[in-house]
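For ligands, and for the atoms within them, numbers begin at 1 and follow the listed sequence.
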Amino acid sequence: MDEDKRAKYTYLFEKMISTMTDPENFVRQEFVDLLAEICELFHIAKGVTEFYKNEREEREGVGEILIDYDNGHGEKVVIAKRIVTKTKAVIKGTLYCAADEPPYSDEEIEKLDIIIRALLSFISRNRLLATVEQLAFYDEDGYPNLNYFVRHLDYLIAKGKVYNKAIILYNLRQFSVVNREIGREFGDIAMKNYYLRIKSVLDDDGSLCRMGGDNFVIVIDSERLESVIDIINGCPIVYDKDDEKRVMISAAAGIFVVPFDFEFKKPGELFEKAYIAMQYAKIEQKGTIVYNDNKMRENRKKILEMRRVFPTALENKEFKAFYQPKVDVNTGEIVGAEALCRWIRDKKVVPPMDFIPILEQNMDICKLDFYMLDTVCKDLMRWISEDRKPVRISVNLSRKHLVDADIFTHIMEIIEKNKVPHEYIEIELTETTNDAEFRDLKQLVQNLQKEGIATSVDDFGMGYSSLNLIREIPWNILKVDKSFLPVDDENSNVTSLMYKHVIAMALDMGLECVTEGVETGDQVEILKENKCRIAQGYYFDKPLKVDEFEERLKVRKYDTI
Ligand code: C2E
Ligand code: MG
Ligand code: MG
């Protein structure tokens, strides 16, 4: 090596060391240029480094391979180094030269050896830092996690940038159904693409992280809230690029916009505000978007109050069974009725939609449903003893009961205790969205079936109806939701077509059909045309108080047909 080369080497090597030991001012491109200069000085044609998290990865060749420099002539190995770190990571570096390159002197090899060692220890430190970052701030699917979010929030707070930011917690709607419909693998892709879609509207100070499962959290400038809300309300997401297949994804969300005068001690308090709104959005169960503001706080107070008074209200018999007749459209005869719950509170009638979703949140609904079943059994036995010739009464059972392993026994205990003949009881259940529930639902329906207790699928067509649900579970009755019933609007053609096919299919499968929400004489005609025998709806009667229903039982027939 001549003096010039030696001097140049010393200069480049020192520069390299100072770059590597000054991470604050590290500029990647400068470093790459520096390595290229070193390679040129030593006639190195190609430099390759390899990083493996452990020796298994090395054996399987599944690490990261970086080509640091390559002029296209690297054919002969000049020097190769391999180091194993304390954490068992393996880092390898290899330098190549052209095939016709004269042999290197001992001094040159010694200098290259020093360079490569320095480089490997630098890379090893960087990669390990990246691995630690990955483990701490990302989940196993590669999404930034809650730690990442908290770190970002801390940064915004420190910079005084957190005010007027919106914190959004969202939960994907019916994602278990999406998984079931398109398969788990495509489901994962859909979730990732939905995430990327939202990420694309974030600004530099925004972030989006997964909190686990299908729960995510966003922080974004509130000026940009609209664009996120559009996506949360629902948008088509491609999950199979080859076939351009799409699935609609939407979410329930809780939002908290941090007011300029908001005082807090910990970042968790901001998160908590959005969390409360999100819980509220879920209670509403419509996948709505709820802001944590005064209106929500008012509503929340009402909910807490309702939960507080529920046990006493139940004890005081404030809940009443109202009966809505089911009518044979060919004869006008009453062939059954549905028991619908009403809460008589301070002499006012509270409709079920105002309390059932709330009671479903903490399982209080189970107490109410059993109470309703018991009330219906008692009414039935009274009608029998008074010789009123009762009809079969259906009772709604919330899906929440399915987590109770003894649900069937509980139902039977109530029926047996009241000694009700089984043919007078029908249980209405709604569609389920997840596999575990589906199995429990099937088991329950089969057990009731054996006892001669009829079961119906309620609100068919409302949610994500699955044909599996009616094929695999031995239901007796399909209750077609009123949304299937054509009304006079521009979609009525499609609706009538769907209605026609749903009824035809159910009849083919041997199911009895009831159409709910029948309000007009024209609609009764549609039922007749499609051979749906039974109607339930305001056209005949609203849900009636028990004494009014008993009057109907006397007459047993409508002459409006
Ligand atoms: P559902 O089981 O589908 O009951 C039918 C609903 O449609 C009732 O609402 C009924 O009043 C309404 N309806 C009947 N005919 C018509 C019509 O012609 N037009 C319109 N627009 N609506 C009609 P309701 O009584 O408000 O009950 C709402 C829901 O609350 C029920 O839907 C059921 O899911 C739930 N529910 C009611 N009582 C109970 C109960 O005791 N336990 C449980 N778990 N859920 C209940
Ligand atoms: Mg029902
Ligand atoms: Mg219904």
In this structure, the Mg ion (ligand 3) sits at the vertex of an angle between OD1 of Asp458 and OD1 of Asp459 that rounds to 10° as 90°

In the protein, which heavy atom is nearest to atom 19 (N) of ligand 1, and how far is it?
Glu519 OE2, 2.4 Å

Would you check if the Mg ion (ligand 2) lies under 2.8 Å from any N, O or S atom of Asn396?
yes

Quick one: sort the Trp343 and Phe355 rings into parallel, tilted or perpendicular, breaks at 30° and 60°.
perpendicular

The answer for which part of Lys479 has a heavy atom under 4.0 Å from ligand 1 is neither

Pair Ile255-Ile289, side chain to side chain contact (heavy atoms under 4.5 Å, CB included): steps then yes or no
CA-CA 7 Å; Ile255 301 176; Ile289 293 170; 3.4 Å; yes

With heavy atoms of Asp459 as the reference, note each atom of ligand 1 found under 4.0 Å away.
3 (O)

Distance under 4.0 Å to a non-hydrogen atom of Gly537: what atoms of ligand 1 satisfy this?
15 (N), 18 (O)

Hey, does Tyr539 come in under 3.5 Å of ligand 1, counting only N/O atoms on both sides?
no

Closest protein heavy atom (residue, atom, distance) for atom 35 (C) of ligand 1:
Ile356 CD1, 3.9 Å

Proximal heteroatom of Glu516 relative to the Mg ion (ligand 3) (N/O/S):
OE2

A student checking ligand 1 against Ser398 at a 4.0 Å heavy-atom cut-off should list atoms 44 (N)

May I ask whether Arg342 has any heavy atom positioned less than 4.0 angstrom from an atom of ligand 1?
yes

Filtering Met353, Gln536, Lys542, Gln324 for the heavy atom nearest atom 15 (N) of ligand 1 leaves Gln324

Atom 42 (N) of ligand 1 - nearest protein heavy atom and its distance
Asp369 OD1, 2.6 Å

Would a search of protein heavy atoms around atom 29 (C) of ligand 1 find one under 4.0 Å away?
yes

Protein heavy atom under 4.0 Å of atom 9 (O) of ligand 1:
no

Between Asp458 and ligand 1, which part of the residue brings a heavy atom under 4.0 Å of the ligand: side chain, backbone, both or neither?
side chain

Does any N or O in the side chain of Asn530 come within less than 3.5 Å of the main-chain N or O of Ile503, such that one atom is a donor and the other an acceptor?
no

Phe262 ring center within less than 6.0 Å of Phe264 ring center:
yes

Mind telling me whether Phe460 and Phe484 have parallel, tilted or perpendicular rings, with 30° and 60° as the class edges?
parallel

Enumerate the atoms of ligand 1 whose separation from the nearest heavy atom of Met372 is less than 4.0 angstrom.
41 (O)

Would you mind reporting whether Leu169 and Phe216 have side-chain heavy atoms less than 4.5 Å apart?
no

Ser483 side chain to Asp481 side chain, donor-acceptor N/O pair below 3.5 angstrom
yes

Below a 4.0 angstrom heavy-atom separation, can you tell me which part of Pro543, side chain or backbone, both or neither, approaches ligand 1?
side chain

Show me which atoms of ligand 1 lie under 4.0 Å from any heavy atom of Glu338.
1 (P), 2 (O), 4 (O)

Atom 27 (O) of ligand 1: the protein heavy-atom neighbour that sits closest, reported with distance to 0.1 Å
Pro352 CG, 3.2 Å

Are any of the N/O atoms on Ile365, whether in the backbone or the side chain, positioned under 3.5 angstrom from an N/O atom of ligand 1?
no

Decide whether Asp374 and Asn418 meet the rule of one side-chain donor and one side-chain acceptor closer than 3.5 Å.
yes

What atoms of ligand 1 come closer than 4.0 angstrom to any heavy atom of Val518?
18 (O)

Are Glu516 and Gln536 close enough, and set up right, to give a side-chain hydrogen bond (donor to acceptor under 3.5 Å, both in side chains), and what steps lead you there?
CA-CA 5 Å; Glu516 303 183 277; Gln536 181 184 339; 4.9 Å; no

Ion pair check, Glu318 and Arg345, cut-off under 4.0 Å:
no

Heavy atom of protein inside 4.0 Å of atom 32 (O) of ligand 1, strictly below
no

